[in-house]
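Reading through the structure tokens given below for one structure.
Read the numbers this way: they start at 1 and go in the same order the structure lists the ligands and their atoms.
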Amino acid sequence: MKYLSKERVKKRVKPEERISVHEYVKKKLMMGEKLHLTLIDPDKIISTKELHELASPLAEAGTDAFLIGGSVGISEHEIDGVIKALRTYGLPIILFPGNVTGISRLADAILFMSLLNSDSPYYIIEAPVLGAPLVYRYGLEPLPTAYIIVGYGGAAGFVGKARPIPYTKPDIGVAYVLAARYLGKKYIYLEAGSGAPEPIPSEFVSKASMVKGDTVLIVGGGIRTPEKAVEILKAGADAIVTGTIVEESPERAVSIVKAVKNLKSEPK
Ligand code: 1GP
């Protein structure tokens, strides 16, 4: 399925025929696909040339969308530069903001997040409130997301003042997933933290997926091999995110994308 970005849509199809990012995701899942999302942290990109060296093989291998964001040192100016360069691949560009500074008018959509297990009201509701008028003004598609930090937590856990759920306590994860559903979230992102030594255990994902209902379950943090990616998706995740491995070993990242795109379940 071809995704038409905002710019291309304006030129080629009528507004009523535009495919939203949410529809794009749901259609793929309905067809029995699992999704691979490539995380690009603008703070870690040195040049446009380097960005293309990372992104081009992943787009060719079939990654489904780009997530743009990071926890520290993000400015709208740098995000804009990354988005302009990534437009050439014709994939949805989704913001994954660590704070209000992570919002760019050039993106297609935004994971509009509440960090549910933060101890700080700022990350649960104040940052979303401060960002909402920008999302509205920029015409970004909001993807209502419960962000839940598990285990290691990394920079997102530290900055977000999270109380990470231990890997050995999936029942607490289940409670959060249910709460997210009942609050009307459409996406649930279980986050181990960027560069986590170990990803979220598949038993944890499996229990969470049993109660996820119609929500899209995204899992990220510490996924470095095709085997782990496949294990987590088979446990019930709808999408996985890889970031660190994209920077460390683009070849390995490509093998993860290929493994994910080879996974086909029965269409729903
Ligand atoms: C981080 O879940 C993402 O927010 C991706 O994690 O960098 O460990 O792949 P990695």
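Residue contacts with ligand 1 do not include I245, since none of its heavy atoms lies under 4.0 Å from the ligand.
Both the backbone and the side chain of T244 come within contact range of ligand 1, each with a heavy atom under 4.0 Å. Using a 4.0 Å cut-off between heavy atoms, Y189 contacts ligand 1 through its side chain alone, with no backbone atom that close.
Nearest non-hydrogen protein atom to atom 5 (C) of ligand 1 is G221 N, 3.7 Å.
With values rounded to the nearest 0.5 angstrom, S255 atom OG is found 8.0 Å from E227 atom CD. The structure places CD1 of I240 at 10.0 Å from CG of L35, a figure rounded to the nearest 0.5 Å. Here the straight-line distance linking atom NZ of K49 with atom CG of L54 works out to 11.0 Å at 0.5 Å rounding.
The atoms of ligand 1 that sit less than 4.0 Å from any heavy atom of T242 are 9 (O). Under a 4.0 Å criterion applied to the non-hydrogen atoms of L39, ligand 1 contributes the atoms 1 (C), 3 (C), 4 (O), 5 (C). Listed by number with element, the atoms of ligand 1 under 4.0 Å from a non-hydrogen atom of G243 are 5 (C), 7 (O), 9 (O), 10 (P). Against a heavy-atom cut-off of under 4.0 Å, F96 is close to the following atoms of ligand 1: 4 (O). Taking every non-hydrogen atom of G195 and a distance limit under 4.0 Å, the qualifying atoms of ligand 1 come out as 7 (O), 8 (O), 10 (P). For ligand 1, the atoms sitting less than 4.0 Å from at least one non-hydrogen atom of E191 are 1 (C), 2 (O), 3 (C), 4 (O), numbered in the order shown with element in parentheses.
With respect to the salt-bridge test (charged N to carboxylate O, under 4.0 angstrom), the residues K261 and D64 qualify. With respect to the salt-bridge test (charged N to carboxylate O, under 4.0 angstrom), the residues R163 and D119 qualify. Under a 4.0 Å N-O distance rule, the pair D238/K28 does not qualify as a salt bridge.
The N/O atoms of G222, backbone and side chain alike, include one that comes under 3.5 Å of an N/O atom in ligand 1.
Between I110 and P97, the shortest heavy-atom distance links the atoms CD1-CG, 3.8 Å.
Remark: aromatic rings of Y123 and Y147 are distant, center separation not under 6.0 Å.
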